[in-house]
Every structure is written in C-alpha cells, then in structure tokens.
Amino acid sequence: MKYWLMKSEPEEASIDDLANAPRQTLAWTGVRNYQARNFMRDGMQIGDGVLFYHSSCAVPGIAGIAEVASTPYPDPTQFDPASPYHDPKASREAPRWVLVDVKLVRKTPLLPLSELRDIPELASLQILAKGNRLSVTPVAPEHWEFITTRLLPA
DNA sequence: GCCAACGTTGGC
DNA sequence: GCCAACGTTGGC
C-alpha cells in the first residue's frame, strides 16, 4: 500500500467533478511529464491512497481523499488530434502516456498549502519542496497518517 | 501578470 | 552528449 499526492486544476477537474462523476471515478488524463507518468505506470496499485490537490487556483491545497481505482492504461487523449493533450509522437501501437483511474474516498475541508507549510511534521513533504512542479508525487506513510487522521479526521 | 524553477528540444 | 534557448508549471 502506497500513498500519493495528485494535483489537478479545479477548472479542469475538481474534487466536486470527481464526486459527481459516474462511480465517483475519473481517468487521470493529461499527465505529460515522464516522472509523473512513471509513478503511475510503475508505482501505483489499486487501492493506493491519493491526496487530491487543487493547484493553480485562488487557494491551492488538499481538497479530498481518493484512491487508485485501476491499473495503468494508455491515456486516450494522446491519440485525439482534437484534444489539447494530443501527442503526435504517440501511437496506439506505441503509447507514450499512461494513466490510472482515481475514485473518491471522501471530500474534505480544504487544507490550504499555506497551512501545510506551517506544520513541522510535514516539512519533508515533496509538494512543499522548493521548485516542486511534479503533478504526481509519492507521500510517505507517516505523512499520510498525519494528514488523514490528524488534519483531516473522518 | 510576474517570475523562479525545472523539463524538453535541437543545433552543434 | 553538451548546453542554450525555449516552454511550462504554479505560487504569489
């Protein structure tokens, strides 16, 4: 069992979009960074915990808890010329980009980035590192435990 | 809108 | 394979 933090711009896919999706599940389309892709492709297993993070918005932060709901499979948007995520170098025979499905566990009160920064126990959380831009990052079990039980109790 | 940090591209 | 130029991310 592993834990992850996944960023999404709420204008693209928010925690409410996830809550309102069929089976409260969304395909995590649009990742176009190899490191983030590799985490999904090589690191994730069904049932892994996910912190759903809102980025590039008025108050960035953790907006809910989710879980990995599929094994990795090719991101269909890479094959679609009409999609902003189209990748002309990808083919169905040789897909470049993979994704997983993500399923809502529960929406939480927003836990702002500014608050996360003030918590000593979370100082080494990857999302807080200077210059961090990765949209998918691993979360240490102790960080997961602290966030889900102390900061966002059920 | 600014800008720091980082990833990718492509000429050599 | 180096590295400058360029593009993107994302907080502020």
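Sequence lines set the chain letters: A, B, ... in the order given, protein chains first and strands last, and positions in each chain run from 1.
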For this session: Applying side-chain contact (heavy atoms from CB on, under 4.5 Å), name anything that partners A/Pro76, two or more places apart in sequence or on another chain.
Result: A/Leu99
For this session: Please give the angle, rounded to 10 degrees, between the axes at the start and the end of the helix from B/dG1-C/dC12 to B/dC12-C/dG1, where five pairs define each axis.
Result: 10°
Exercise. Can you name the residues that form a side-chain contact (heavy atoms from CB on, under 4.5 Å) with A/Arg96, not counting sequence neighbours?
Worked result: A/Tyr34, A/Gln78, A/Asp87, A/Lys89, A/Ala90
For this session: Write out all pairs satisfying ring pair (Phe, Tyr, Trp, His ring centres under 6.0 Å) with one or both partners inside residues 112-132 of chain A, taking only residues at least two apart or from two chains.
Result: none
For this session: Please name all residues satisfying salt bridge (Lys or Arg N to Asp or Glu O under 4.0 Å) with A/Lys107, sequence neighbours left out, ordered by chain then number.
Result: A/Asp16
Exercise. Who are the side-chain contact (heavy atoms from CB on, under 4.5 Å) partners of A/Gln24, not counting sequence neighbours?
Worked result: A/Ala19, A/Leu104
Seminar exercise, completed: Quick note, ring pair (Phe, Tyr, Trp, His ring centres under 6.0 Å) partners involving residues 111-130 of chain A, not counting sequence neighbours, are none
Exercise. Does A/Asp101 use its side chain to pair, donor to acceptor, with the backbone of A/Ser70 at less than 3.5 Å?
Worked result: no
Exercise. For A/Leu116, which fellow cluster members are found when Ile, Leu, Val, Met, Phe, Trp and Tyr are connected by side-chain heavy-atom distances below 4.5 angstrom, either directly or through intermediates?
Worked result: A/Met1, A/Tyr3, A/Leu5, A/Leu51, A/Tyr53, A/Ile62, A/Ile65, A/Val105, A/Leu111, A/Leu113, A/Ile119, A/Leu122, A/Leu125, A/Ile127, A/Leu128, A/Val139, A/Trp144, A/Phe146, A/Ile147, A/Leu151, A/Leu152
Seminar exercise, completed: Contacts of A/Ala140 meeting side-chain contact (heavy atoms from CB on, under 4.5 Å) (sequence neighbours excluded), chain-then-number -> A/Glu142, A/His143
Seminar exercise, completed: So ring pair (Phe, Tyr, Trp, His ring centres under 6.0 Å) across residues 67-92 of chain A, not counting sequence neighbours, yields none
For this session: Indicate, with a heavy-atom threshold strictly under 4.0 Å, whether A/Glu9 touches base, sugar-phosphate, or nothing.
Result: nothing
Problem set entry | Opening and closing nucleotides of DNA chain C in contact with chain A, under 4.0 Å to non-hydrogen atoms | C/dG7 to C/dC12
Exercise. Under a 4.0 Å heavy-atom cut-off, which of residues 52-65 of chain A touch DNA chain B?
Worked result: none
